[in-house]
Amino acid sequence: MARIIWLTWLAFVLCAQADVTVVWKGPVESLSPAFPEGKNLPKLETEPVRSPLFKPGDSLRDMSAWVSKRSGLIALSQEGAAAAQKPANDPPRWPGDWVVWKESSGMIAASGSYNDIFLVEEALGFSKMPTVIRTRLELVSADKTKNRSAVLTGRSGEEATLKVEGLEANVTGEDWSFSLGAVDLLLTVQWADAGSSKPWGVSTALTLEEGKRTLVAGQGTGQDRWQLFATASIEMTNGLPLREARWTEKEGRLEPWPRVAANDNQIRKPIGSDLSITMYRFANPWSRLRNSPEPFAPLPQVVVPDALSNWMRGPVADVGAILFEGLANPAWFAGFDSRSGRILVLADAEAQDRCESRLNTGVVDPIVGENLWVGSNPSSGAWLLACRAREEARIYAPEVEAVPAFEVSISELGDHSYDLQFAAARIPLEGAAARISGEGLFKLVAPDFVTRKDFMAEQGDGMITIFLRRSPP
């Protein structure tokens, strides 16, 4: 009875959340090598729904059977469990409302639950489409005659090089999460001042927010100061910005697909004050669900409550007993859809945290460190260099030969603590204390996220103040 009452309440809360309508504007040649067969798809006599997406006279093709053949099923287990994979001549039926191809524009649109939409994306190969990273570099100086800019373009994961008068750059940008809107950037830049044969140089690794101009390095004060900025954008191979490749329809208008905290492998939405819905996606979910190396018994089937139909539909495997482990509540739900490898969980915060721990996922990639900015006081050269935690970064100066003029190496220790190793030259060079190196423990705690420490030269009277911060100054 309690579950019936709760489901009635949940249905009321979610009643305004209609099925999701999504539009993909990417090049269909990239969506599927076989898509030229789209000309043979069944032609619709009328649009599937009244929508601003469609106009009178549009040529629309029904893709539902096409998607059904390509979405496939994931085997229940490779080690003794009953297989869910159907024979190739008996493909699973795509459970969504409709999916069409608009010939005139190449647009593909679909309506259904979130799970239905993800099945379409997998059939289209949307997340595997090649992307291009466009990186804009800007060298800005108080003396505007020294300003320079350059744009490098290369496929994601491949090096792009550029050499123009007075500037040379090598950039490797990688779109390491298709929906995160972040670019993993390896950057090396060299430039020479007019009349000088010896160049400045910057070498570092960063994770840039797509489209956001980011301060990478700087040196000097007043009229002698220069700063290097980088902006990275993710595009599809036809030049369409990635952020414009996928849209949702909301109240009769199109909006870009909302970017989630990490990627489409985890989406969480609060429901009321106590519960939340989380959807996970895995290539091999069974390895995360098993408790032991024993053969995995087939799981009981459960019908997705109607109140959750805009997230997942149809009978699915019941994984609540595995994920909740001792916690029980008739209001909770945990189902696994073998068609897409997605797990839908409805529970309170404690149970969600337990599920997330069990499934070993989260909103931050544990391999990639965060960006940090390391700098020094004006009297020591006013150095500034952005560097990702667990990486090394360097600035080379014409006055300092053979070794970097400023270099840092950052180790992440946890609890907002970092071990920083650095070496810095005083510009202009001044006697025995021209170069100072040191190592220190820095702790970045809210609200200012900035820590400063003084270091003395091993020889002479030199001193340098080093600061570490989470945002550029």
Side-chain angles (χ1 to χ4, degrees), residues 7 10-11 14-24 31-32 35 38 41-42 44 46-49 51 53 60-76 82-101 108-127 246-249 257 264-267 269 277-283 285-286 298-320 333-346:
L7 288 175
L10 181 63
L14 298 176
C15 65
Q17 302 178 20
D19 286 348
V20 185
T21 298
V22 176
V23 175
W24 296 269
L31 292 175
S32 170
F35 206 75
L41 296 176
L44 296 177
T46 60
E47 62 268 21
V49 294
S51 168
L53 297 173
L60 304 175
R61 301 277 182 169
D62 182 5
M63 294 182 61
S64 57
W66 187 91
V67 170
S68 296
K69 292 178 181 179
R70 286 160 179 78
S71 57
L73 297 174
I74 295 177
L76 290 178
Q85 182 77 40
K86 292 185 178 181
N89 60 358
D90 185 21
R93 180 186 177 278
W94 180 66
D97 297 331
W98 51 265
V99 53
V100 299
W101 174 42
I108 295 171
S111 177
S113 71
Y114 279 105
N115 197 62
D116 301 335
I117 296 301
F118 292 138
L119 286 171
V120 174
E121 289 208 337
E122 288 173 1
L124 297 174
F126 186 73
S127 63
R246 183 177 63 177
W247 298 69
T248 59
E249 185 182 5
W257 178 281
D264 287 343
N265 290 345
Q266 178 179 326
I267 294 178
K269 182 179 181 65
I277 297 175
T278 305
M279 180 177 282
Y280 304 90
R281 177 188 180 278
F282 306 102
W286 296 104
L299 294 169
Q301 297 289 297
V302 62
V303 176
V304 180
D306 290 341
L308 300 178
S309 62
N310 67 321
W311 289 82
M312 187 177 284
R313 297 176 184 172
V316 296
D318 185 357
V319 293
F333 173 83
F336 167 58
D337 180 15
S338 62
R339 289 182 298 255
S340 62
R342 286 183 170 83
I343 297 172
L344 181 67
V345 177
L346 172 67

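Each residue takes its place number in the sequence, starting with 1.
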Separation between [atom1] of [X] and [atom2] of [Y], rounded to the nearest 0.5 Å:
{"X": "Trp311", "Y": "Thr278", "atom1": "CH2", "atom2": "OG1", "answer": "8.0 Å"}
{"X": "Leu308", "Y": "Met279", "atom1": "CG", "atom2": "CE", "answer": "9.5 Å"}
{"X": "Leu344", "Y": "Leu346", "atom1": "CG", "atom2": "CG", "answer": "7.5 Å"}

Would you say the side chain of [Y] lies within less than 4.5 Å of the side chain of [X], judging by non-hydrogen atoms?
{"X": "Phe333", "Y": "Val302", "result": "yes"}
{"X": "Ser111", "Y": "Val49", "result": "no"}
{"X": "Leu53", "Y": "Thr21", "result": "yes"}
{"X": "Phe336", "Y": "Val316", "result": "no"}
{"X": "Trp66", "Y": "Val99", "result": "no"}
{"X": "Met63", "Y": "Leu41", "result": "yes"}

Over all heavy atoms of both residues, which pair between [X] and [Y] is shortest? Give the atoms and the distance, please.
{"X": "Pro48", "Y": "Val100", "result": "CG-CG1, 4.2 Å"}
{"X": "Gly96", "Y": "Asp116", "result": "CA-OD2, 3.4 Å"}
{"X": "Ile343", "Y": "Met312", "result": "C-CE, 4.5 Å"}
{"X": "Pro95", "Y": "Leu119", "result": "CD-CD1, 4.0 Å"}

Problem - Check: Trp98 main-chain N/O paired with Ser64 side-chain donor or acceptor under 3.5 Å - result: no

Practice task
Apply the test side-chain contact (heavy atoms from CB on, under 4.5 Å) to residues Trp101 and Ile108: give CA-CA distance (whole Å), side-chain angles for both, the deciding distance (0.1 Å), then the verdict.
Solution key: CA-CA 5 Å; Trp101 174 42; Ile108 295 171; 3.9 Å; yes

